[in-house]
Amino acid sequence: MNTLTPVEKNREVAKAEPCYAAPDVDVFETKDEYVLEADMPGVNKAGLEILLEGNELTLTGRRQPASGEGTFLHHETARHDFRRTFVLDPVIDAARISAQIEQGELRVRLPKAEMVKSRRVAVTD
Amino acid sequence: MNMKLIRYTRPDLWSVSPFEQMNTLRDEINRLFEMPFGELSRPGEFFTGWAPALDLREDKDHLVATVELPGLKKEDIEVSVHEGVLSVSGERSQEKKSESGETYRSERFYGRFHRTLSLSKPVKVEAIKAAYKDGILTITMPKTEEAKPKQIAVNVG
């Protein structure tokens with residue numbers, strides 16, 4: 001009987017799993033949209049991946065490889081890539097979601113669907 | 001897919017030695033006893049502020065410091081070197097954007113920050129360069145000639 005093998009295999013997989021850090025996020029709502037802002041230092045447009053699956057929005061930011069070499073005299077940064085998933089409100093119009101990243105600050109605009117916006121109805125005679 | 005998701009910890013809080021933290025805390029407590037009561041409502045240095053993560057590397061000719069500063073403007077960052085101490089400060093201002101709506105999450109830091117780091121080697125102050133890209137500030141400081149490693153020839157005699 002060789003019951004140990006699968007356990008060992010799982011361990012190998014666990015080692016290879018990528019480790020992510022959850023970015024700090026602000027989320028606020030305006031009349032027409034939700035805005036999500038995330039801090040992802042070291043990430044630019046090329047390293048950013050935004051995936052919408054059903055009502056789940058996953059933001060992944062891969063840091064640019066560190067420039068320069070040399071030995072660390074002082075080291076505080078974790079240098080993990082960023083990942084975080086959000087469940088979207090059903091009122092969001094998924095087709096019109098847009099995003100931009102500037103100096104490591106990601107801004108995702110999540111517009112509300114036209115049908116849920118309040119609208120004044122004119123009364124006719 | 002099963003991925004590990006860890007919270008982004010602010011590394012600066014635990015990379016400071018516990019003794020140093022204790023000293024800061026002791027100073028803070030001493031300050032509490034010494035100041036007038038009216039000042040108590042004002043938060044002290046230990047509990048406030050934003051300390052962006054900072055790295056310092058050394059290669060043959062340079063000391064290179066990198067600071068994680070997402071979403072700032074170039075104009076809002078100040079870098080100085082004085083008597084062998086590198087100082088990076090600035091401010092991240094919170095724009096008035098949520099006035100018409102509701103805020104659901106507010107995890108990011110705003111306000112002033114100030115980091116200092118003493119440099120172990122003398123650097124050419126006039127040749128220091130700072131660049132801000134993708135939310136990371138990189139400060140390249142060339143070492144002075146005296147600080148560079150030197151090869152010394154061995155004579156047989």
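Source: prediction; values computed, not measured. Order of the sequence lines sets the chain letters (A, B, ...), proteins ahead of strands, with each chain counted from 1.
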NZ/NE/NH1/NH2 to OD/OE distance under 4.0 Å, A/Arg84 and B/Glu107
yes
Residues A/Arg79 and B/Glu68 bridged, charged N to O under 4.0 Å:
no
Nearest heavy-atom contact between A/Tyr34 and B/Tyr104 is CE2-CE1, 3.7 Å
Worksheet entry | Residues A/His74, B/Glu58; criterion side chain to side chain contact (heavy atoms under 4.5 Å, CB included); working and verdict | CA-CA 10 Å; A/His74 187 81; B/Glu58 177 181 15; over 6 Å; no
message = Does atom NZ (B/Lys74) have a neighbourhood of more than 12 heavy atoms from anything else shown, all under 6.0 Å?
response = no
When the 4.5 angstrom heavy-atom criterion is applied to B/Leu72 and chain A, the contacting part is backbone
Worksheet entry | Main-chain N/O of B/Pro70 paired to A/Gln103 side chain as donor or acceptor, under 3.5 Å | no
Correct closest heavy-atom pair for A/Gly70 and B/Asp59 would be CA-CB, 4.0 Å
Under a 4.5 Å heavy-atom criterion, the part of residues 124-137 of chain B in contact with chain A comprises B/Tyr132, B/Lys133, B/Asp134, B/Gly135, B/Ile136
Regarding B/Lys73 and A/Glu102, does a basic nitrogen lie under 4.0 Å from an acidic carboxylate oxygen?
no
Across all chains, not counting sequence neighbours, the side-chain hydrogen bond (donor to acceptor under 3.5 Å, both in side chains) partners of A/Ser98 are none
Under 4.5 Å to a heavy atom of chain A? For B/Ser120 that would be side chain
task: Spell out, yes or no, whether B/Val85 and B/Ile77 are grouped together once hydrophobic residues are joined by side-chain heavy atoms under 4.5 Å, including indirect joins.
output: no
| query | Cluster question for you: counting only ILVMFWY and a side-chain heavy-atom cut-off of under 4.5 Å, with indirect links fine, are B/Val88 and A/Phe72 together? | reply | no
In short, A/His75 meets B/Asp55 closest at the heavy-atom pair CD2-OD1, 3.2 Å
Query - Any side-chain donor near an acceptor of the partner, A/Asp26 and B/Tyr110, under 3.5 Å - result: yes
Bottom line for A/Val25: the part with an atom under 4.5 Å from chain B's heavy atoms is both
A/Glu105 and B/Arg92: CA distance, side-chain angles, deciding distance, salt bridge (charged side-chain N to carboxylate O under 4.0 Å, His left out) verdict: CA-CA 12 Å; A/Glu105 184 181 53; B/Arg92 184 182 199 182; 3.1 Å; yes
